[in-house]
There are 2 protein chains.
Amino acid sequence: MLENARGRKSSREKILDAAAELVADIGAGRLTLEAVAERAGLSKGGLLYNFPTKDALLQAMIQRMIDQVSESKEALRAQMEPGPNLEARVATTSLLNMCCGGKMQEIATGMMAAAAENPRLLDPVRQVIAATVKQIETSSDDVEAALLGWLAVEGLSNLEMHNLSPFSDQDRERIVGMINRLLTKGIAP
Amino acid sequence: MLENARGRKSSREKILDAAAELVADIGAGRLTLEAVAERAGLSKGGLLYNFPTKDALLQAMIQRMIDQVSESKEALRAQMEPGPNLEARVATTSLLNMCCGGKMQEIATGMMAAAAENPRLLDPVRQVIAATVKQIETSSDDVEAALLGWLAVEGLSNLEMHNLSPFSDQDRERIVGMINRLLTKGIAP
DNA sequence: ATTTATATACCGACCGGACGGTTTAGTTGC
DNA sequence: GCAACTAAACCGTCCGGTCGGTATATAAAT
């Protein structure tokens with residue numbers, strides 16, 4: 001996916017990958033152009049050729065993450081068994097898959113970097129969140145359960161993206177299962 | 001509270017207030033010593049007299065916020081009507097009062113600054129969170145409901161601390177009410 | 001076929017400003 | 001006389017961004 005004609009990853013992709021990894025490794029506040037360039041395997045000049053400013057790079061990180069989430073949601077929507085609160089289940093599952101699967105791969109990184117550098121870069125995220133919530137609110141059979149589950153996943157993923165989660169893998173699994181039960185069986189068991 | 005002998009706020013307090021306000025105003029990544037000093041009404045030298053390094057300042061911000069939360073929890077624990085899942089209700093209510101009451105006053109600011117600058121500064125927060133969760137798990141009548149409610153509040157407050165919340169005031173009130181109902185009446189209404 | 005032109009993608013030296021922290025010399029109030 | 005500063009200069013480093021140059025490929029002109 002997203003390779004150029006010769007089947008090799010484009011520089012843009014390599015750069016975005018490198019930036020995401022770096023944020024995860026050394027922290028959003030320490031993200032520098034030189035470090036990104038080095039990890040992506042090109043020079044600072046080459047990096048700035050692809051992204052003329054640091055803001056542009058951060059913006060692209062955010063956009064890519066939004067696109068990936070939306071992709072993942074689309075896939076889940078097709079694949080998931082139908083039932084109540086489908087939209088909420090799709091939203092929560094995609095969030096959990098993306099940001100929490102062992103390493104927070106794509107989600108948190110861009111957001112943390114943007115939040116540290118220039119909060120306005122989070123505007124597109126705001127839109128996505130607003131849209132997601134609206135969709136959950138209008139499409140759910142049990143709006144209360146759906147919102148609650150979504151918020152809980154939001155909390156869990158936020159904890160994990162700051163390495164603040166006190167939960168073991170099996171604790172986490174239990175919690176995820178519990179949220180899924182809430183979403184499929186409603187607020188009354 | 002926390003004033004010196006003559007009833008005036010100590011410089012330390014003024015500095016910590018200023019830093020918190022600044023983070024809220026201009027973003028965690030743009031927090032500089034000079035700006036903090038200016039807003040606190042003293043010189044950079046005076047600031048560095050009180051906090052010898054920027055790390056020390058951030059550490060103090062975190063510590064103050066932890067102390068305030070623990071204070072607030074203690075107060076709530078005495079004042080709150082007894083009932084099921086008391087500990088979870090205390091934890092969630094203190095979180096909501098602190099960080100979400102109109103302005104995110106104390107909680108988010110220190111955390112965001114620390115996360116941007118030096119994630120290791122969040123270690124004390126990790127401890128508090130782990131302790132809170134353990135307490136909720138051991139003391140709750142309905143552990144599932146308690147954890148779910150706590151996570152949801154965590155999610156809501158995280159959204160709010162990045163100005164990402166799509167909820168209106170009355171939406172928010174409904175959600176908080178819903179979480180409280182979950183905590184007081186259990187997972188089955 | 002050879003030259004010339006143009007575009008793409010990149011290198012890397014360098015600049016300038018910001019910022020954390022130091023130092024020094026002086027001031028004010030208890 | 002000491003604690004708690006002020007004021008201002010200064011240092012060293014880091015870092016975003018600029019800029020001139022380079023290599024390669026493709027196209028156009030002769």
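Note that this is a predicted model, so its numbers are computed, not measured. Letters go in sequence order (proteins before strands), and every chain restarts at 1.
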5'-most by nearest nucleotide on DNA chain D - B:Gly41 or A:Glu117: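 On the 5' side of the pair lies B:Gly41.
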
Per B:Lys54 side chain, nearest of listed nucleotides C:dG20, C:dC10, D:dC5: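 Among C:dG20, C:dC10, D:dC5, the one nearest the side chain of B:Lys54 is C:dG20.
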
Residue A:Tyr49, side-chain atoms from C-beta onward, closest of D:dA4, C:dC11, C:dA9: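 Nucleotide nearest to A:Tyr49's side chain: C:dA9.
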
Sequence-distant partners of B:Glu74, salt bridge (Lys or Arg N to Asp or Glu O under 4.0 Å), two or more places apart: none

B:Arg12: salt bridge (Lys or Arg N to Asp or Glu O under 4.0 Å) partners, not counting sequence neighbours: none

Under-4.0 Å side-chain N/O to phosphate OP1/OP2 contact, A:Ser11 with C:dC10: yes

Phosphate OP1/OP2 of D:dC5: any B:Asn50 side-chain N/O under 4.0 Å: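 Yes, because at least one side-chain N or O of B:Asn50 sits under 4.0 Å from OP1 or OP2 of D:dC5.
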
Below 3.5 Å, can you tabulate the donor-acceptor pairs from side chains in residues 120-128 of chain B to any protein atom, sequence neighbours excluded?
residue, atom, partner, partner atom, Å
B:Asp123, OD1, B:Arg126, NE, 3.0
B:Asp123, OD1, B:Arg126, NH2, 3.3
B:Arg126, NH1, A:His162, O, 3.1
B:Arg126, NH1, A:Asn163, O, 2.7
B:Arg126, NH2, B:Pro119, O, 3.0

Under-4.0 Å salt bridge between B:Glu38 and B:Lys44: no

Salt-bridge present (B:Asp17, B:Arg64; N to O < 4.0 Å): yes

Neighbours of DNA chain C within residues 31-40 of chain B, by heavy-atom distance under 4.0 Å: B:Leu31, B:Thr32, B:Leu33

Atom of A:Leu183, atom of A:Ala146 and distance for their closest heavy-atom approach: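 Minimum heavy-atom contact is CD2-CA, 3.6 Å.
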
Enumerate the protein-to-nucleotides 18-25 of chain D contacts in which both atoms are nitrogen or oxygen and the separation is below 3.5 Å.
none

Set of residues satisfying side-chain hydrogen bond (donor to acceptor under 3.5 Å, both in side chains) with respect to B:Glu137, sequence neighbours excluded: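 Scan of B:Glu137 (side-chain hydrogen bond (donor to acceptor under 3.5 Å, both in side chains), adjacent residues dropped) gives none.
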
